[in-house]
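Report on the structure given below.
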Amino acid sequence: ARSTAIFRGHLVVIEGLDRSGKSSQCQLLLETIQASRQRARYVKFPDRTTPTGQMINSYLTGQAQQDDHSIHLLFSANRWEAIKGIEEDLMNGFTVIVDRYSFSGAVYSAAKENPDLSLDWAWYPEIGLLKPDILFFLDISSADAAKRGGYGAERYETERMQARVRTLFTELFQRLDNVHVRVIDAGRSIQEVHQAILEGVDELPWDQPLDMTLGKLG
Ligand code: Z5A
Ligand code: MG
């Protein structure tokens, strides 16, 4: 009998600005991969269902106060506690689609303009987490995002914050030269954005070992 190699799945991260369509695209990608009879799973950060996630949710919705550093480390802990499960799924051949990850983690905290919380400081707890095989950054102008509805009621959903976030994402990607980042024009239709993401996913090689972790900023 012919033996078939079982390859690990891909770690696909979708990042982007507010209302750039991350969750919509993750859902579509999940459906497309599953429709082609491949294994796939969706993970969203923050995962608000765990104990750390519930604390994060209370903070984001304004029900609880937190020191900037403390909440930052909770967001990071919320990823660290999930990473073993993600690794196991990848090794079992699942493509894992991640809706926001370490990149949002560093950028939103650094955007607070707290002089004691630099981008370098914010990135540090992410070092050692699994590195995505590909990261799609959904780029959208603030004008186009505004057409998709006003700001929500959560903390960080202000124009000043979002402008800082955009600048910091650019700086972060420039300083991470070994992360495979693909910037996607997310101002197009949902289907057009989906096609652009699929093209990137289809190009990924299948025979890579799972030995890649996020490293220091350059
Ligand atoms: N945060 C942090 O500080 N630290 C961390 O470590 C992490 C996150 C992981 C909550 O995140 C906050 O946590 C967030 C970052 C911070 N703060 N802010 N701002 P969240 O991921 O839970 O927030 P969200 O509300 O789910 O995400 P979002 O950015 O606002 O939305 P989205 O997922 O990018 O977009 P969407 O829900 O897919 O689409 C938005 C709307 O636009 C919806 O009505 C769609 O139908 C529509 N849409 C989508 N695509 C299109 C296109 N192409 N055309 C037209 N309309 C579209
Ligand atoms: Mg979302």
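Values reported hereafter were calculated over all heavy atoms of this structure, with side chains retained and with hydrogens, waters and symmetry mates removed. For ligands, and for the atoms within them, numbers begin at 1 and follow the listed sequence. All residue numbers refer to positions in the sequence shown, counting from 1.
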For [X], atoms of ligand 1 separated by under 4.0 Å from a heavy atom:
X      : value
Arg19  : 28 (P), 29 (O), 30 (O), 31 (O), 34 (O), 35 (O)
Ile190 : 50 (N), 51 (C), 52 (C), 53 (N)
Gly105 : 4 (N), 5 (C), 6 (O)
Pro46  : 8 (C), 9 (C)
Phe45  : 9 (C)

| request: Identify which of Arg148, Glu15, Gln27 has a heavy atom lying nearest to atom 55 (C) of ligand 1. | output: Arg148
| field | Candidate with minimal heavy-atom separation from atom 13 (O) of ligand 1, of Val107, Leu60, Asn78 | value | Leu60
Looking only at protein heavy atoms, which one is nearest to [atom], and what is the separation?
atom                    : value
atom 38 (O) of ligand 1 : Ser24 OG, 2.5 Å
atom 37 (O) of ligand 1 : Ser23 CB, 4.1 Å
atom 11 (O) of ligand 1 : Arg100 NE, 3.3 Å
atom 5 (C) of ligand 1  : Phe75 CD2, 3.1 Å
atom 53 (N) of ligand 1 : Arg188 O, 2.8 Å
atom 25 (O) of ligand 1 : Glu157 OE2, 4.5 Å
atom 21 (O) of ligand 1 : Lys44 NZ, 2.6 Å
atom 19 (N) of ligand 1 : Asp18 OD1, 2.6 Å

| task | Report the part of Lys22 in contact with ligand 1, treating N, CA, C, O as backbone and CB onward as side chain, heavy atoms under 4.0 Å; options are side chain, backbone, both, neither. | result | both
Touching ligand 1 at all, [X]? Heavy atoms, strictly under 4.0 Å?
X      : result
Arg79  : yes
Gln162 : yes
Gly16  : no
Arg48  : yes
Lys147 : no
Gln25  : no

How many angstroms lie between atom [atom1] of [X] and atom [atom2] of [Y], to the nearest 0.5 angstrom?
X      : Y      : atom1 : atom2 : answer
Ile184 : Ile140 : CD1   : CD1   : 13.0 Å
Asp18  : Met161 : CG    : CE    : 9.5 Å
Leu29  : Ile97  : CG    : CD1   : 4.0 Å
Gln174 : Leu217 : CD    : CG    : 12.0 Å
Lys131 : His180 : NZ    : NE2   : 10.5 Å

| Relative to the ring of Tyr108, is the ring of Phe169 parallel (under 30°), tilted (30 to 60°) or perpendicular (over 60°)? | perpendicular
| query | Relative to each other, are the rings of Phe103 and Phe173 parallel, tilted or perpendicular (30° and 60° limits)? | reply | tilted
| If you draw a 6.0 Å radius around CD in Gln63, do more than 12 non-hydrogen atoms from other residues or ligands fall strictly inside? | yes
| message | For the backbone of Glu192 and the side chain of Ser189, can you confirm whether one donor and one acceptor N or O come within less than 3.5 Å of each other? | response | yes
Please determine whether a side-chain nitrogen of the Lys or Arg among [X] and [Y] lies less than 4.0 Å from a carboxylate oxygen of the Asp or Glu.
X      : Y      : answer
Asp99  : Lys22  : no
Arg182 : Glu203 : yes
Glu113 : Arg160 : yes
Asp144 : Arg19  : no
Arg175 : Glu171 : yes

| query | If you look at every heavy atom in Glu154 and Arg48, which pair is closest and at what distance? | reply | OE2-NH1, 2.9 Å
| message | Less than 6.0 angstrom from the centroid, inside 45 degrees of the normal: does Arg155 satisfy that with respect to the ring of Tyr59? | response | yes
| field | Ser23 N/O/S atom closer than 2.8 Å to the Mg ion (ligand 2) | value | yes
Among all the protein's heavy atoms, is there at least one whose distance to [atom] comes out below 4.0 Å?
atom                    : value
atom 51 (C) of ligand 1 : yes
atom 28 (P) of ligand 1 : yes
atom 32 (P) of ligand 1 : yes

| Does an N or O anywhere in Gly21 fall below 3.5 Å from an N or O of ligand 1? | yes
